[in-house]
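First the structure, in the form of structure tokens, and then the observations on it.
The figures that follow rest on heavy atoms only: side chains count, while hydrogens, waters and symmetry mates do not. Numbers for residues simply follow the sequence, beginning at 1.
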Amino acid sequence: MLRRVVREFSMMAASSSGWRATCVTRVPSVSCRAFCGSAGTCSSSANSTSSQDTDTNTTSFQPRVDTYAEQRRVWNNELNAKRKEWAADFKQRADLKASQVVSERARIETEKAERKARKLIKSAARAVEVAKEEKQRVRQKETGLRRKAVVRAQRDFVAHLRKTAREEELLKASRGWVTSEDLDERIRVALENPRPMY
């Protein structure tokens with residue numbers, strides 16, 4: 001509706017401007033012929049000018065081509081072509097960006113899978129090392145316990161030897177000890193054979 005109103009106003013403006021142009025162009029032609037030298041030539045020229053005026057009057061009010069609408073249509077066509085081109089370019093860029101995003105995501109997933117595989121390999125190797133270290137630790141602990149047991153047994157054996165040696169020494173020393181049965185006899189012998197203490 002708005003386009004139709006604009007088109008009608010443009011046609012009216014174009015027709016009025018054309019009439020004014022013809023009127024303005026008609027006056028100089030008459031004035032130019034008014035300055036003729038001979039009357040016959042002026043009359044003939046006046047007749048020719050009147051015929052030309054009628055011709056121009058008939059041609060001046062013919063409907064003109066709507067150049068604004070034609071230019072608007074051409075402009076719209078060019079704009080639509082540019083929009084299609086822009087849309088195609090935008091779609092191409094969007095597809096390129098999407099493909100880049102997909103490739104980047106695939107690369108990230110591949111790197112993540114590789115890191116995970118390396119981590120699993122490292123964890124498996126570490127588990128083997130931990131198992132070996134645990135076995136070695138248990139072996140060292142058992143060896144230490146065995147050594148401690150051997151040292152303890154040796155100490156016990158040495159203590160037993162010392163104890164038995166002490167018992168033997170005491171047994172040997174106890175042979176000259178005075179018992180309750182020999183006390184009276186020992187007192188009598190000591191009294192019969194006194195010895196100086198110093």
Side-chain angles (χ1 to χ4, degrees), residues 1-7 10 67-198:
M1 185 69 184
L2 183 61
R3 286 187 179 180
R4 180 177 290 177
V5 172
V6 171
R7 187 180 299 172
S10 62
T67 57
Y68 175 77
E70 184 65 24
Q71 291 175 357
R72 182 75 178 179
R73 186 179 62 79
V74 172
W75 183 76
N76 282 331
N77 291 336
E78 291 178 356
L79 185 60
N80 289 333
K82 285 291 184 181
R83 283 174 179 169
K84 289 179 182 179
E85 184 180 353
W86 295 336
D89 189 15
F90 180 76
K91 187 176 183 300
Q92 184 179 2
R93 289 182 182 179
D95 292 340
L96 180 62
K97 189 173 182 181
S99 63
Q100 288 178 354
V101 168
V102 170
S103 62
E104 185 70 17
R105 188 172 297 168
R107 184 183 64 80
I108 291 172
E109 291 294 331
T110 304
E111 290 180 357
K112 189 184 291 184
E114 290 177 356
R115 286 197 302 270
K116 192 174 182 179
R118 288 197 296 269
K119 190 174 181 180
L120 288 174
I121 292 171
K122 281 185 179 181
S123 62
R126 181 59 184 164
V128 172
E129 290 179 0
V130 168
K132 288 182 180 179
E133 290 176 358
E134 185 66 22
K135 287 182 180 179
Q136 188 175 2
R137 187 183 67 79
V138 170
R139 192 180 298 115
Q140 289 177 356
K141 186 176 180 179
E142 290 177 352
T143 303
L145 291 175
R146 283 196 297 269
R147 286 178 182 175
K148 287 181 180 179
V150 169
V151 170
R152 190 179 298 111
Q154 289 176 354
R155 286 178 181 175
D156 292 341
F157 181 70
V158 169
H160 176 68
L161 290 178
R162 287 178 179 175
K163 185 178 180 180
T164 52
R166 180 64 178 164
E167 288 177 354
E168 288 178 0
E169 289 176 0
L170 290 173
L171 184 59
K172 289 179 181 178
S174 64
R175 291 176 183 171
W177 289 355
V178 178
T179 60
S180 57
E181 292 86 3
D182 299 334
L183 181 60
D184 296 332
E185 185 65 26
R186 286 295 183 90
I187 291 171
R188 186 184 61 77
V189 171
L191 288 174
E192 289 178 358
N193 302 314
R195 290 180 184 180
M197 292 180 66
Y198 301 103

Identify each donor-acceptor pair in which a side-chain atom of residues 161-171 lies under 3.5 Å from a protein atom, sequence neighbours left out, and give them as a table.
from : atom 1 : to   : atom 2 : distance (Å)
T164 : OG1    : H160 : O      : 3.0
T164 : OG1    : L161 : O      : 2.7

Working to the nearest 0.5 Å, report the span between [atom1] of [X] and [atom2] of [Y].
X: Q136; Y: T143; atom1: CD; atom2: OG1; result: 10.0 Å
X: W86; Y: N80; atom1: CH2; atom2: CG; result: 10.5 Å
X: K141; Y: K148; atom1: NZ; atom2: NZ; result: 9.5 Å
X: E142; Y: L145; atom1: CD; atom2: CG; result: 7.5 Å
X: E78; Y: Q71; atom1: CD; atom2: CD; result: 10.5 Å

With sequence neighbours left out, write down each residue that passes side-chain hydrogen bond (donor to acceptor under 3.5 Å, both in side chains) with [X], or none if nothing qualifies.
X: D95; result: K91
X: R73; result: E70
X: E111; result: R107
X: R83; result: none

Tell me if the CD atom of E192 is crowded by more than 12 foreign heavy atoms within 6.0 Å. yes
Check: R93 and K97 side chains under 4.5 Å, non-hydrogen atoms: no
For residues 115-132, which residue pairs qualify under side chain to side chain donor-acceptor pair (under 3.5 Å), counting only residues two or more places apart or in two chains? R126-E129
Looking only at atom types and distance, does a side-chain atom of D89 sit under 3.5 Å from a main-chain N or O of E85, one as donor and one as acceptor? no
